[in-house]
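What's counted below: heavy atoms across the whole structure, side chains too, no hydrogens, waters or symmetry copies. Keep in mind the model is a prediction, meaning the values are calculated, not measured. Lettering of chains follows the sequences in order, A, B, ..., and the numbering in each one begins at 1.
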Amino acid sequence: MPRKILVTSALPYANGAIHLGHLVEYIQTDIWVRFQKMRGNECWYVCADDTHGTPIMLRAEKEGLTPEALIERVQREHTRDFAGFHVGFDNYYTTHSPETRACANEIYRRLQAAGLIETRTIEQYYDPLKEMFLPDRFIKGECPKCAAPDQYGDNCEQCGSAYTANELRNPYSAVSGARPELRQSEHYFFRLSDARCQAFLRRWTQGEGRLQSEAANKLQEWLGPPGENHLTDWDISRDAPYFGFEIPDAPGKYFYVWLDAPIGYMGAFRNLCARSGIDFDEYWRADSMTELYHFIGKDILYFHALFWPAELEHAGYRTPSKVFAHGFLTVDGAKMSKSRGTFITAESYLAQGLDPEWLRYYYAAKLSASMEDIDLNLDDFIARVNADLVGKLVNLASRSAGFISQRFAGQLCTCDESLRALQAIGEKQAAIAEHYEAREFGKAMREIMALADLANQYVDSVKPWEMAKQPGRESELQQACSNTLNLFRRLIILLKPVLPALAAKVESFFNVAPFTWDDVRSVLAAGHAIRPYRHLMTRVDKKQIAALVEANRESLTTIAPPAAPQKHAEQQEKAAAVAVAQAAVATANGGAHLTLDEFMRVDLRIAQIREARQVEGADKLVQLLLDLGPLGTRQVFAGIKTAYDPARLVGRLTVVVANLAPRKMRFGLSEGMILAASDPDGTTPGIFLLAPDAGAQPGMRVK
RNA sequence: GGUGAUGUAGCUCAGUCGGUCAGAGCGAUGGAUUCAUAACCCAUAGGUCGGUGGUUCAAUUCCACCCAUCACCA
């Protein structure tokens, strides 16, 4: 009997573009969902934009839009990006919907009836100019511990200490610059500290297979040892002005993210049900026999494994069957970085003409069921996609189809089902299915590629090209090519969850109905006619990747938020708040202060001068070849000719700005800047090159 | 600072519930081949399995500590 499954991915915040980090999750989820559907299960995949909160409100204001207009535009962009990567949602909705509002109100009422909602008066900073209460991240001031200036209202980036916004010295509003006043306000809390919640969560989090083992450990830590209660109540309200849902019977109070974002999963599904006749209650009632899975980033585990199930349980709904957390994406071993050009948006990837299935395959090859981060190594990406997808897989069709089309009018003969390679695929099918089911996509890809190796070995062993040259071996040739195409067909079926567009092209090439998982067991009948072969996939060109990185590189002079690898829900709101606050502060103080974050974006490195020579036609420039150790070598033009003889520079160590945008000069490309001191007034003449103390090695970071 | 995770060949990663498991793919080198998008096939890698100590007949695999990286800290 088919399973009934509801799957969600985390809701992206409606304040930014989808990037390669987000796509790890959506591609992971999509592969899993496509696999379930191929097996004949009833599986629904819903998601939505998370649209509420102060950052959205302020950004809309800044752009001169209504919040509604802003979130509508962002939703269109997100929908386009996801579709571009073949992420096949059954519904991609918005939390700013009547369905989500109805669900939020209902859950709130039920929690209230259960005695789990209480109000408390809290003291909070208020911006008298903007006439609004300020979230912690929108208040800045001096750190109460180390007196560092311009620190946010929750913790100090200088000394790392945590505190409350009320402890900041000389606080100011990051929105208006005004000095905030402490005011009292009544807030609504969900009583997560209630004994009922704790008892439920201790049981729920230890449920069989509910969470990955690393996640379960983490939850133990959060819950505290038995007998202790580490859970605290959660503030679920915000004061007007706020973009969100007003709390029923509480004018001027709005639901904070906890009480509307994940409920967006329900809202999106309810909307789908209304359109397609699915029974909402069958999936959400407390005794539901259906399965519910949330794919999330590890950053929002706390929320999805504690707050959300407690909320559902005590509002009389079913709780998630399992929560699947994944790690973050790094690019070339480091956090995505705008200055390095590795903060790559989905849109730019597609705009550069890169094939979305390259990325889907690469992610699949790297993904496992664990919470470990995965690395997108750009060189490895090129090598892997070209070798596996083009060299091994697509090549099977490419090297057989020509013979079938030209010599046999496109007709296949009976496939030899006793073929070892063909049987091997049948034997591995169940194991591969288990890998997909367990989200061990990397293992599945390794198995499939090993099978593709067998297929290529088969072709090599029978040598169809020799048969083609010897008269009288026509039937042998047809047999060899029919066998190869059947091998290819089976491999494509196994890869269809990962490569849906390629699979569709192959279905068309073979002139057959869409593949299902069980089709692996069959072969194409004798006499079946295929269509002419056209290239199914092109190779990745190094230049395309270089262009992609260049297109995403942002110069240091632009005010930009620090690169957030992947953030959702509340985390996203924080990141968005940081961005807004930074922009506001930069405007407010004319850039007088530099935050540590901003400074750290300047990548200073020790460099050794390998070569130095005069530049013909330039009276100030010296052309240098710098050795940055592990970072390789750079060509840099420096305006130090008046003070230094090139010959005496060779071998010296100095400091270079390694992530300065390369600049094209008349004499060539300059890929960095070396640091030197000089008197701006010219009172003291000369240029003085910086040099590290003895022991520094090329490539060392300076900070 | 606390907690969790990771650290295996040039690169990306498997793997070992302690003893023929030190592995794969890519890259590189040599060979073969020419059907195929210079693809495919065969052969070749002497990496102290992060460091130090401990437990053991035996540790890369267990324990402790240390170092590095990453994440989380409501």
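Counting only Watson-Crick and G-U wobble pairs whose two key distances fall under 3.5 Å, RNA chain B forms stems of three or more stacked pairs at B:1-7 with B:67-73, B:10-13 with B:23-26, B:28-31 with B:41-44, B:50-54 with B:62-66.
Nucleotides of RNA chain B nearest to A:D388 and A:E466 differ in position, and the one nearer the 5' end is that of A:D388. Between A:T330 and A:W234, the residue anchored closer to the 5' end of RNA chain B is A:T330, taking for each the nucleotide with the nearest heavy atom.
B:rC70 and B:rA59 have their P atoms separated by 33 Å, given to the nearest Å. If you take atom P in B:rG23 and the same atom in B:rG1, they sit 40 Å apart, rounded to whole Å. Atom name P, nucleotides B:rU60 and B:rG50: the rounded distance is 10 Å, in whole Å. For the C1' atom pair drawn from B:rC62 and B:rC26, the interatomic distance equals 34 Å after rounding to whole Å. The gap from the P atom of B:rA64 to that of B:rA28 amounts to 43 Å, rounded to the nearest Å.
Taking a 4.0 Å limit (strictly below) on heavy-atom distances, residues 389-401 of chain A reaches RNA chain B at A:V390, A:G391, A:K392, A:V394, A:N395, A:S398, A:R399.
Figure legend: cation-pi geometry between A:R439 and A:F324, with NZ or CZ positioned under 6.0 Å from the six-membered ring centre and within 45° of its axis. Cation-pi contact between A:R238 and A:Y256: present, with separation from the ring centre below 6.0 Å and deviation from the ring axis of at most 45°.
Of all nucleotides listed (B:rA71, B:rU12, B:rC40), B:rC40 comes nearest to the side chain of A:N456. Which of B:rU37, B:rC35, B:rC41 sits closest to the side chain of A:Q457 comes down to B:rC41. Side chain of A:Y533, nearest nucleotide from B:rU37, B:rC13, B:rC72: B:rU37. When distances run from any side-chain atom of A:Y302 to the nucleotides B:rA74, B:rC41, B:rU12, the shortest one goes to B:rA74.
Annotation for A:A369 and A:A438: closest pair CB-O, 3.3 Å, computed over non-hydrogen atoms.
Counting any heavy atom pair closer than 4.0 Å across all strands shown, A:N386 reaches no nucleic acid atom. Nucleic acid contact for A:M371: none, since no nucleic acid atom lies under 4.0 Å from a heavy atom of the residue. Within 4.0 Å (heavy atoms only), A:F403 reaches sugar-phosphate atoms of the nucleic acid but no base atom. Using a 4.0 Å heavy-atom criterion, one finds that A:A468 contacts no nucleic acid atom at all. Within 4.0 Å (heavy atoms only), A:L536 reaches at least one base atom of the nucleic acid.
The structure places CD1 of A:I448 at 12.0 Å from NZ of A:K392, a figure rounded to the nearest 0.5 Å.
Taking the six-membered ring for Trp and the full ring otherwise, A:F307 and A:F190 have centroids separated by under 6.0 Å.
A:K298 NZ: more than 12 foreign heavy atoms inside a 6.0 Å radius.
The shortest side-chain heavy-atom distance between A:V385 and A:L359 does not fall under the 4.5 Å cut-off.
Taking side-chain N and O atoms only, A:Q406 has no distance below 4.0 Å to OP1 or OP2 of B:rC35. A close approach under 4.0 Å does occur between a side-chain nitrogen or oxygen of A:K335 and OP1 or OP2 of B:rA71. Remark: A:K469 is in phosphate contact with B:rC35, judged by side-chain N or O atoms under 4.0 Å from OP1 or OP2. Applying the 4.0 Å criterion to OP1 and OP2 of B:rA39, one finds that A:R539 has a side-chain N or O inside that range. Side-chain N/O atoms of A:K443 include one lying less than 4.0 angstrom from OP1 or OP2 on B:rG15.
Of the residues listed (A:Y436, A:Y363, A:Y362), the one engaging A:V498 in a side-chain contact (heavy atoms from CB on, under 4.5 Å) is A:Y436, and it is the only one. For the side chain to side chain donor-acceptor pair (under 3.5 Å) with A:D233, the qualifying choice from A:R191, A:R120, A:H187 is A:R120, the only one to do so.
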Next on the checklist: Show, in sequence, the C-alpha distance, side-chain angles and deciding distance for A:F295 and A:Q28, and conclude whether the side chain to side chain contact (heavy atoms under 4.5 Å, CB included) test is met.
Outcome noted: CA-CA 8 Å; A:F295 284 78; A:Q28 180 190 36; 3.6 Å; yes
Next on the checklist: I'd like to know whether A:I545 forms a side chain to side chain contact (heavy atoms under 4.5 Å, CB included) with A:I382, so could you lay out the CA-CA distance, the side-chain angles of the two residues, the decisive distance to 0.1 Å, and finally the verdict.
Outcome noted: CA-CA 8 Å; A:I545 299 298; A:I382 296 167; 3.7 Å; yes
